[in-house]
Amino acid sequence: MITTTSLYDQLISFYNNNSAGDEQPWLKDLRARAFDAFSTQGFPTTKNEDWRFTNISAYLKENYSLLPGSVSLQNVKSANAIPSFDGYEIVLKNGMLNEDVNIEGVKVTPFRTALQDDHLKLYLSKFIPLQKNPFAALNTALFQNGIVIEAEKNAIVDKPIHLIHVYNAEDPVFIHPRLLVIANRNSKLQVVESVFVTGESPLFLNNVTECYIAENAQVDKYYLQAFSPNIRLVNFTQCVQSSNSLYNNYTYTIPGANLVRNNLHLDLNGTNTESHLYGLYLTGSNQLVDNHTSVHHLFPNCMSNELYKGVLMDSSRAVFNGKIFVHQDAQKTNAFQQNNNMLLSNKAVIDSKPQLEIFADDVKCSHGSTVGSFNNEALFYLKSRGIGEKAARNLLVNAFAFDVTNKIQIPAVRKYIEKLITQKMSEAYD
Amino acid sequence: MLLNIKNLQAKVEDKQILKGVNLQVNAGEVHAIMGPNGSGKSSLASVLAGRENFEVTGGKVLFDDKDLLEFSPEDRAREGLFLAFQYPVEIPGVSNINFLRTALNEIRAYHNQPTLESKEFLRLTRENQKLVEFDAKLTNRSLNEGFSGGEKKRNEIFQLAMLNPKLSILDETDSGLDIDALRIVANGVNKLRSDKNAFIVITHYQRLLDYIVPDFVHVLYDGRIVKSGTRELALELEEKGYDWIKEPVTSASI
Amino acid sequence: MANKSDDILEEYSSKEYEYGFVTNIEMEIAPKGLSEETIHYISAKKQEPQWLLDWRLKGYHSFLKAEDPHWQNFDLPKVDFQGISYYAAPKSSAKFKSIDEVDPELIATFEKLGIPLSEQKILAGVAVDAVFDSVSVATTFKATLKEHGIIFSSISEAVKEHPELVQKYLGSVVPHSDNIYASLNSAVFSDGSFVYIPKGVRCPMELSTYFRINTENTGQFERTLIIADEGSYVSYLEGCTAPKRDENQLHAAVVELIAMENAEIKYSTVQNWYPGDKEGNGGIYNFVTKRGVCRGANAKISWTQVETGSAITWKYPSVILQGDNSSGEFYSVAVTKGKQIADTGTKMHHIGKNTKSRIISKGISAGEGQNSYRGLVQVGTRADNARNFTQCDSLLIGDRCGAHTFPYIESKNSTATIEHEATTSKIGEDQIFYLNQRGIDTEKAVALIVNGYAKEVLNQLPMEFAVEAQKLLSISLEGSVG
């Protein structure tokens, strides 16, 4: 049974009114399937096991416009919040790419152009289980903007690409950003995403990112979620790895946004792959941050390693659900998963559900989950050395987060994140 | 003759490790097998004990005139072949004493001997612990779990004493031992030597052979025994290293 | 080696279930089907008071409204509730005043199962309640226990002799509307054990119930209720077997434990219901609701289970940690082989301050068995300084089995500490080789390794049963070697 809301009805009629455009037949077909998947599922409720702890109904009630705001973003000069970040900067204003991008070995194409031929037929929503992911299905049906970043064969991109999404939210908006990253054989690519918003009305981002990593290629993908409070993000990342590839995913959520839901799906679609998933969520006020990850080991000799750490303050809630599936053919799998949480307030709630499903016998798999607070011994030790309560707590939180922050390969990004943690912690104890 | 290895060849995955080993061991003898890293010393021990990832591709091994290679690993042990492992494995939750009693009684059953009475078993345990100066508490500790490197090796020798095999192969038992532990291990072996049993001591260094004096020394290189001699050969190797052994084989094979 | 293990596997798969015989005895069996009449029939047979009949009917109505759960990790078989007979009792069973009156055929049955019912032969220090299909046929050592004020009887007798206790506590931990199988049990439960330990009494012997399903097309729906009053202690053990039959039989029991201030209940299960044949035909559906509540401060409830039987085992013995400083424990070994499925674990609800829980779960999967740990650790806002430790290991033997772990962890209190660890591994080839090299064959080697792996749990069992359980574990894994 689907719970119909006015937003649901609005989306149905929006699709019906807009689907008549002249798109490629394969795309039309895909959109129709995707929309069907969305309309039969509807928005998920807490009865859906994957949404059990995350009730989104309150965030869907706004009177959203389904088109990006009309106010011009010409005046936005610099949206880059990361000091001394040496990277290729790409700014998308309301999902639109307004300037040419020249990066050696990399092709950056707006979807509006890229969708005009068959090239993307091989990639778009190929691996996303649309029947189980209504948001990703909705995005697939409706997205128009966003870009394709494709690294050519053997291209070693010398600097990270910094993708800055700029949105305006003078009025409530519900939009579907999309990103496709293709790393061809032997290429190496780093992508850092951040978001900059003007205006204070609710902005619902139903984001989908797909990342295809060909044989022997390497992708580092960062999503820096230091959002303003009016943002509601439901984010779906689908990554597909071919043999001998390496993928590093970094998701850092710092207080701000009302709602952050990250779905990270990894299909290890070849032998001898390596994947590292790092996450940090620092939550405050009434925030709800939910990370759902699933790693599918489909072939032998692959290694995946996942480490998510959370620090919860105020009346915030965090959810961690990590699934590892080791399919029958995936012998010699090494899969590790760890979720550690610090609960710093009695009003905060953490739900952690690490989960292993193993159908092969020659594997090494483990997961662990902890929930705790400050180590009082450590706190006392620091204080006895003359360090004040606030500074001591700050030190301990940074130390807790260190395992995840020290994995950041780009120094400027690492400094930026560490500074944000310190800043947020200081605010929390003022 | 206790052990007669004839032209033994074996490979692991697709790599030929043993390329025709010949060796005869009589009861009452101690043989040392030396050689550089990767020459096939430990592989020889594994093949004799029946480790499954080794595939015998040729040759014959007679143990007490029986075809050793026809036996399963446990039957080789029951026939009286003992391997002191280079890296003894840890088995959580299985107590040392339970393990030993099971092993001893399985071997006895194979020879149609009755199960050992608890009292007799404990007496034997105490006696042998003393003999090999192994004073670890065995009842409450899991097999090799939490043992130091030295303790593990001493436990191997203690098991050797308990199971009283005809032929013992010590696979780099000296590696990772300090001089005191080495002396204790060697003393244990010396006390167990008799004219009814034999030892094959595999080692990289001649140091151990100061304590366990061998009757014969063999040099294994590139899957073959390339030189055999008496104790003096070990001293010569110590002095000159292995390079002078390597030369002729390599040049001959070019 | 591959061939060798195949051989052993083959040999093992054809191994007979030891307790698969049928007892030929005249039975009184209710007509198949479930309706209000069935409940009236059972209640009348047992000459029950009106309040109990009313309560059963409430359970029945909850059952009618309840839906099948949907979250489990296996395909829930469709149970034909109308194809089951809900009451089967040996004809002669009216009431036994002493063991001499029990049908010799029944005594022989239990003897064959290793449960002697005459007090001369019985294991010293263990009192037994023997349940055959729907009724309790004998309870031993009643007199000795009575001297201490301990009540140990079948629940039917307790309804007659101590109605005030039964009425007060029945359904107080597992309400009749709890879940579909608990509702069904509330409606049709036929017998089970009742234990009451008075204030300050330490029960001088192990109490034990032995369950036997015998008749075709019946289910077993027993209800166990244990109350440990302030400062008392009891250790209780249940065991179970059933004949080999081609159709599946349903076992839907409810166990309720109540531990008052400073009381301790230790509840152990050795479950060896018929698991079905190697193709997965037949076997018991073991759908059980077990829950305990630590009502008072410093109370303690400990569940230990060794699960080797049943086609499907589906249960989560839980503890509600209500009293301050109370503690809950769950120790489990679950073995699945052939086509067996086990979805088991625990729930620890931390409500009181300084409450502690400890979960040790060891899953062993062989053949095509599927083994899931599913658990919940929940810390409420008031549960200051609550602590939980969970260790959850899976051992895989063979490449067609599965091991799954689904822990739910929820904390609402910043002073709580929760630790969960899980590992999955296979039996190490180097471990087997080491034992082989010492003259121990592969089969024995696996038994040694598995018993070592499960030791932490087996150590929790009362001594009389630990040895039994160890043997059971070795037997049930014989030959599943990789």
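Of the atoms belonging to A/Phe53, it is side-chain heavy atoms, and not backbone ones, that fall under 4.5 Å from chain C. Residue contact with chain C, scored on non-hydrogen atoms closer than 4.5 Å, involves the side chain of A/Glu49 exclusively. Neither the backbone nor the side chain of A/Gln338 comes within less than 4.5 Å of any heavy atom of chain C. For C/Gln378, no part lies near chain A; criterion is any non-hydrogen pair under 4.5 Å.
Of the candidates A/Asn286, A/Asp351, A/Thr283, A/Arg317 forms a side chain to side chain donor-acceptor pair (under 3.5 Å) with just one, namely A/Asp351.
Cation-pi check for A/Lys353 over C/Phe406 is not met; the charged atom does not lie both under 6.0 angstrom from the ring centroid and within 45 degrees of its normal. The side-chain tip of C/Arg374 does not point at the ring of C/Trp314 from less than 6.0 angstrom away and within 45° of straight on. In this structure, C/Lys315 is not positioned above the aromatic face of C/Phe287 in the sense of NZ or CZ being under 6.0 Å from the six-membered ring centre and within 45° of the axis.
Interface check for chain C: of the options A/Ala360, A/Ser352, A/Gly368, the most heavy-atom pairs under 4.5 Å are formed by A/Ser352. With chain A as partner, the option from C/Lys426, C/Glu419, C/Arg387, C/Glu421 having the largest number of non-hydrogen pairs under 4.5 angstrom is C/Lys426. The candidate with the highest count of non-hydrogen atom pairs below 4.5 Å against chain A, out of C/Gly402, C/Ala416, C/Cys401, C/Ala403, is C/Ala403. The most heavy-atom pairs under 4.5 Å with chain A, out of C/Ile418, C/Leu396, C/Thr423, C/Asn413, come from C/Ile418. Chain A forms the most heavy-atom pairs under 4.5 Å with one residue out of C/Ser372, C/Ala422, C/Ser365, C/Ser394, and that residue is C/Ala422.
Donor-acceptor pairing under 3.5 Å is lacking for the side chains of C/Ser183 and C/Asp178. With no hydrogens or angles considered, a side-chain donor-acceptor pair links A/Asn340 and A/Thr370 at under 3.5 Å.
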Show the numbers, then the answer: is there a ring pair (Phe, Tyr, Trp, His ring centres under 6.0 Å) between A/Phe359 and A/His327?
CA-CA 5 Å; A/Phe359 295 95; A/His327 296 256; 7.0 Å; no
